[in-house]
Amino acid sequence: MTGDAHPKRFLTVGGAQLGPIARSESREAVVQRLLSLLRQAADAGVELLVFPELALTTFFPRWHLTDQDEIDSFYETEMPSPVTQPLFDEAKALGIGFALGYAELVTDEDGTVHHYNSMVLVERDGSKVATFRKVHIPGHETNEPDRPFQHLERYYFEPSPDGFGVWRAFGGLVGMMICNDRRWSETYRVMGLQGVELILCGYNTPFHFSPDPGQNPLQGFHNHLVMQSGAYQNGTWVVGVAKGGVEEGVDSLAQSAIIAPSGQIMAQALTTDDELIVARCDLDWCNNYKDTVFDFDHYRMPEYYGRITEQRGVILPEEG
Ligand code: CDV
């Protein structure tokens, strides 16, 4: 693969793509599906298994709900909880780590309540590595009844207060991002500047994009485009895992993929249902890119990148 003689750091990584989760499907039933994928992954020698965004419930931002108790029923107040504990127990027994996306409700000591779109990363010994909270919250804040379905993430979630961390875990440097985060080059670069070698991502991407339906047929292309370029430009593995298929009448992209630091797709899902994909990832392969064409210390020109953090929107050059 790289032609080098020195020993490699291999990690066998799995993507546990999910098919639709109906609104009526219980958490217990979903956890059974996750357990089935976990056991398949263990049989395949997987050491780290990645589940999608909001992997315990249906993608509820497609509805404008107003009853706060009903809204909060989609969130987890503890992780693990009695319902998710069997997943943690089985993973530890099998010696397999995992990343799981879920809606998280946090109550501060002063009683302030936060709603996040989160992903927990758990090591092979069952210890919690980190909880990542989605940074880029897409969609809209208020009900827009003219749409065929809503994308009310900005009504249901607040952005992460923490940003993009990178953690020493699984023998490498691991980061996380959630769905819309994967479309932004800054996401990858902030982790790339922390030496990231493996980025884990879950997503729910409906084919229909109301603000510009012309993009609908390009959903699959754009999905791989951003993750492949992010992997290559930062010399990192990227694992993108979908909840796909027709869920409550909304058709969503599947095409989960494990992408190498070269930008090449090493494994890709073939169905729109529960499906395991696996790749044996050489974490040292990252250095072929990090030490050459993307040797940041040698070649980056941050003195010209100030606008990236100094402004949010576009400032046009003066006319004339
Ligand atoms: N769950 C998501 O973040 N979905 C978004 C929207 C825009 C479809 C996405 O970027 O895929």
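As the structure lists them, so they are numbered: ligands from 1, and atoms in each ligand from 1. No hydrogens, no waters, no symmetry mates; every other heavy atom, side chains included, goes into these values.
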Seminar exercise, completed: Numbered in order shown, the ligand 1 atoms found under 4.0 Å of a heavy atom of C179 are 1 (N), 2 (C), 3 (O), 4 (N), 5 (C), 9 (C), 11 (O)
Exercise. Are D284 and K8 ion-paired here, with the side-chain N under 4.0 Å from a carboxylate O?
Worked result: no
For this session: Give a yes or no on this: more than 12 heavy atoms of other residues, nucleotides or ligands lie within 6.0 Å of atom CH2 of W63.
Result: yes
For this session: Using a strict cut-off of less than 4.0 Å between a Lys/Arg side-chain nitrogen and an Asp/Glu carboxylate oxygen, indicate whether E47 and R9 qualify as a salt bridge.
Result: no
Exercise. Aromatic rings Y155 and H64: how do their planes relate, parallel, tilted or perpendicular, breaks at 30° and 60°?
Worked result: tilted
For this session: Below 4.0 angstrom from a heavy atom of N180, which ligand 1 atoms are there? Numbered from 1 as shown, please.
Result: 3 (O), 7 (C), 9 (C), 10 (O)
For this session: Could you check if a side-chain atom of V113 sits within less than 4.5 angstrom of a side-chain atom of Y75, using non-hydrogen atoms only?
Result: no
Problem set entry | Within one Ile-Leu-Val-Met-Phe-Trp-Tyr cluster: Y116 and F60, side-chain cutoff 4.5 Å | no
Problem set entry | P206: numbered ligand 1 atoms lying under 4.0 Å from its heavy atoms | 8 (C)
Problem set entry | ligand 1 atoms in contact with K134 (distance to a heavy atom under 4.0 Å) | 1 (N), 2 (C), 3 (O)
Exercise. Applying a 4.0 Å heavy-atom criterion (strictly less than), which segment of F59 is in contact with ligand 1: side chain, backbone, both, or neither?
Worked result: side chain
Seminar exercise, completed: Looking only at protein heavy atoms, what sits closest to atom 6 (C) of ligand 1 is H151 CE1, 3.6 Å
Seminar exercise, completed: So the atoms of ligand 1 within less than 4.0 Å of a heavy atom of N204 turn out to be 1 (N), 2 (C), 4 (N)
Seminar exercise, completed: A student checking ligand 1 against E53 at a 4.0 Å heavy-atom cut-off should list atoms 1 (N)
Exercise. Looking only at heavy atoms of H136, does any of them come nearer than 4.0 Å to an atom of ligand 1?
Worked result: no
Problem set entry | Donor-acceptor under 3.5 Å (E53 side chain, I178 main chain) | no
Exercise. Taking the six-membered ring for Trp, is the centroid-to-centroid distance between Y156 and F59 below 6.0 Å?
Worked result: no
For this session: Any atoms of ligand 1 less than 4.0 Å from a non-hydrogen atom of R183? List them with their elements.
Result: 9 (C), 10 (O), 11 (O)
Exercise. Of all the heavy atoms in Q219, does at least one lie under 4.0 Å from an atom in ligand 1?
Worked result: no
